[in-house]
Amino acid sequence: MSIFAIHIQDNQLDDSLEGMPFLLTGEVVGLPVQQQYATSFLFKVDRAVQPLGLVTLPNMLKLNWYGRSTKIRAGEQWQLLVKLKKPHGTSNPHGFDYEKWLFQQHISATGYVKKSTENKRLNVASVTNISAWRESFRRHLNDLLSNSHYLPIIKALVIGDKSDINSAQWDVFRKTGTSHLIAISGLHIGLAFGLVRWLLLGIGRLSHWALPIAVILSVLVACLYAGLAGFAIPTQRALIMLSVVMGGVYWQRHMTPFHAVSVALFFVLLIDPISTFSPGF
């Protein structure tokens, strides 16, 4: 984990480069969030167009693009003129640790897009891009449930997009102790898996192939749901645990709970050691 953390730290923006304009190319990652005065999004950097001699590039940026005239979509390739600063948060021991959250998300710098004629879309999203699928699903939900008061909650439960939940709704969740139900995690992945597995076992209960087919297809459905949620850290943990346990069922291996948790923990740390900083770890 230390080596992984050092790699992320070394990839952060150098002090001498703060406030300088950079012309970068890269990909829009995740779901852009349209706010009142700006669009906020993650940008995975491919290369620097200007300055050409820039050797150390921040890998992942959190950017704001002020104004509502430009429509930026998930998975698209863009060339953007940006100004950046190092990840920074307030030192309030009782508040949200924004800097730690940026570090956990592997975000190397924050900044904004400058107004420029050099800002341009290079390519549309690939048909295999998961972020583009999620945004397409979000547009479909917006059209289908445009008049529903519960649209923000449905989007949170279906695709993990909590950006439109207002303060009054969050207040209800906090007072009722149900805030954790809005974040797609083990409960949601388990429900999707369990429902599909139950249906498949019911349909094929007379066949000796029912159990292995139900295990495989149910795990695939759980993977699909985790993908719709953007493979957030809680969904990764749930999916890994589910795959480990169902792997034992499929190959008919006896596992104690301690063994299952240990193997799942190994794969969680192998994929993303920094996930230990997340609250639910």
Side-chain angles (χ1 to χ4, degrees), residues 8 11-13 17 20-52 54 56-85 87 101-102 104-144 146 151-152 155-156 158-164 184 223-233 235-236 272:
I8 297 175
N11 192 245
Q12 290 189 350
L13 187 72
L17 301 178
M20 289 180 56
F22 299 99
L23 188 62
L24 307 174
T25 64
E27 178 184 326
V28 179
V29 178
L31 295 176
V33 177
Q34 182 66 59
Q35 300 167 335
Q36 187 175 2
Y37 300 109
T39 301
S40 177
F41 61 97
L42 297 181
F43 191 66
K44 185 177 181 181
V45 178
D46 290 334
R47 67 185 183 92
V49 179
Q50 294 176 0
L52 291 174
L54 190 62
T56 304
L57 273 174
N59 182 48
M60 187 71 73
L61 310 176
K62 187 177 186 296
L63 299 175
N64 287 320
W65 195 337
Y66 294 96
R68 300 177 66 91
S69 58
T70 304
K71 294 294 183 182
I72 191 164
R73 300 196 183 281
E76 293 179 337
Q77 301 281 335
W78 279 79
Q79 175 178 282
L80 298 173
L81 182 66
V82 301
K83 271 194 174 183
L84 304 175
K85 63 179 181 179
W101 180 84
L102 291 173
Q104 179 192 324
Q105 299 299 316
H106 307 176
I107 295 172
S108 308
T110 61
Y112 65 95
V113 180
K114 290 177 59 67
K115 187 176 181 180
S116 172
T117 56
E118 295 181 290
N119 295 332
K120 58 184 178 181
R121 183 185 289 107
L122 301 178
N123 284 303
V124 297
S126 166
V127 293
T128 59
N129 189 281
I130 294 177
S131 295
W133 290 2
R134 294 179 68 209
E135 188 167 55
S136 177
F137 212 103
R138 181 170 68 175
R139 289 198 300 270
H140 179 69
L141 289 174
N142 286 338
D143 294 339
L144 189 65
S146 57
L151 173 61
K155 287 195 293 186
V158 174
I159 58 174
D161 178 17
K162 301 186 285 292
S163 60
D164 289 339
I184 297 178
C223 289
L224 178 61
Y225 189 23
L228 281 176
F231 286 113
I233 290 174
T235 62
Q236 289 180 24
D272 186 5

message: Strictly distance-based, threshold 3.5 Å: is any side-chain N or O of R134 a donor or acceptor partner for the main-chain N or O of L228?
response: yes
message: In the structure I gave you, are the side-chain heavy atoms of M60 and Q105 within less than 4.5 Å of one another anywhere?
response: no
task: Measure up the F41 and W65 rings against each other and bin them: parallel (under 30°), tilted (30 to 60°), perpendicular (over 60°).
output: tilted
task: First locate atom CG of D164, then atom CG of N142, and finally report the distance between them rounded to the nearest 0.5 Å.
output: 7.0 Å
- prompt: Which atom pair, heavy atoms only, marks the closest approach of F43 to T25?
  reply: CZ-C, 3.8 Å
query: Do the non-hydrogen side-chain atoms of Y225 and I184 ever get within less than 4.5 Å of each other?
result: yes
query: Can any side-chain N or O of N119 pair as donor or acceptor with the backbone N or O of K114 at less than 3.5 Å?
result: yes
OH-OG distance between Y112 and S40, expressed to the nearest 0.5 angstrom: 15.5 Å
- line: Rounded to the nearest 0.5 Å, the CG atom of D161 sits from the CZ atom of F137 at a distance of 12.5 Å
Side-chain heavy atoms of L24 within contact of L61, under 4.5 Å: yes
- request: Could you tell me which non-hydrogen atom of A125 sits nearest to which non-hydrogen atom of A74, and how far apart they are?
  value: CB-O, 3.4 Å
field: Closest heavy-atom pair and its distance - D46, E27
entry: OD2-N, 4.5 Å
- line: From the list L23, L81, L80, side-chain contact (heavy atoms from CB on, under 4.5 Å) with V49 holds only for L23
query: Do P32 and E135 have side chains that get closer than 4.5 Å, going by heavy atoms?
result: yes
query: What residues, two or more places apart in sequence or in another chain, satisfy side chain to side chain donor-acceptor pair (under 3.5 Å) together with K162?
result: none
Closest non-hydrogen atom pair, G227 against I130: O-CG2, 3.4 Å
task: Under the side chain to side chain donor-acceptor pair (under 3.5 Å) rule, collect the residues that match up with R73, sequence neighbours excluded.
output: none
- prompt: How far does CZ of R138 sit from CG of L151, to the nearest 0.5 angstrom?
  reply: 10.5 Å
- request: Answer with yes or no whether the side chains of T39 and Q34 bring together a donor and an acceptor at under 3.5 Å.
  value: yes
task: Applying salt bridge (charged side-chain N to carboxylate O under 4.0 Å, His left out) between E76 and each of K44, R121, K120, K71, report the one that passes.
output: R121
field: Any L31 side-chain heavy atom under 4.5 Å of I159 side chain
entry: yes
task: Of all the heavy-atom pairs spanning A132 and S126, show the shortest one and how long it is.
output: CB-O, 4.3 Å
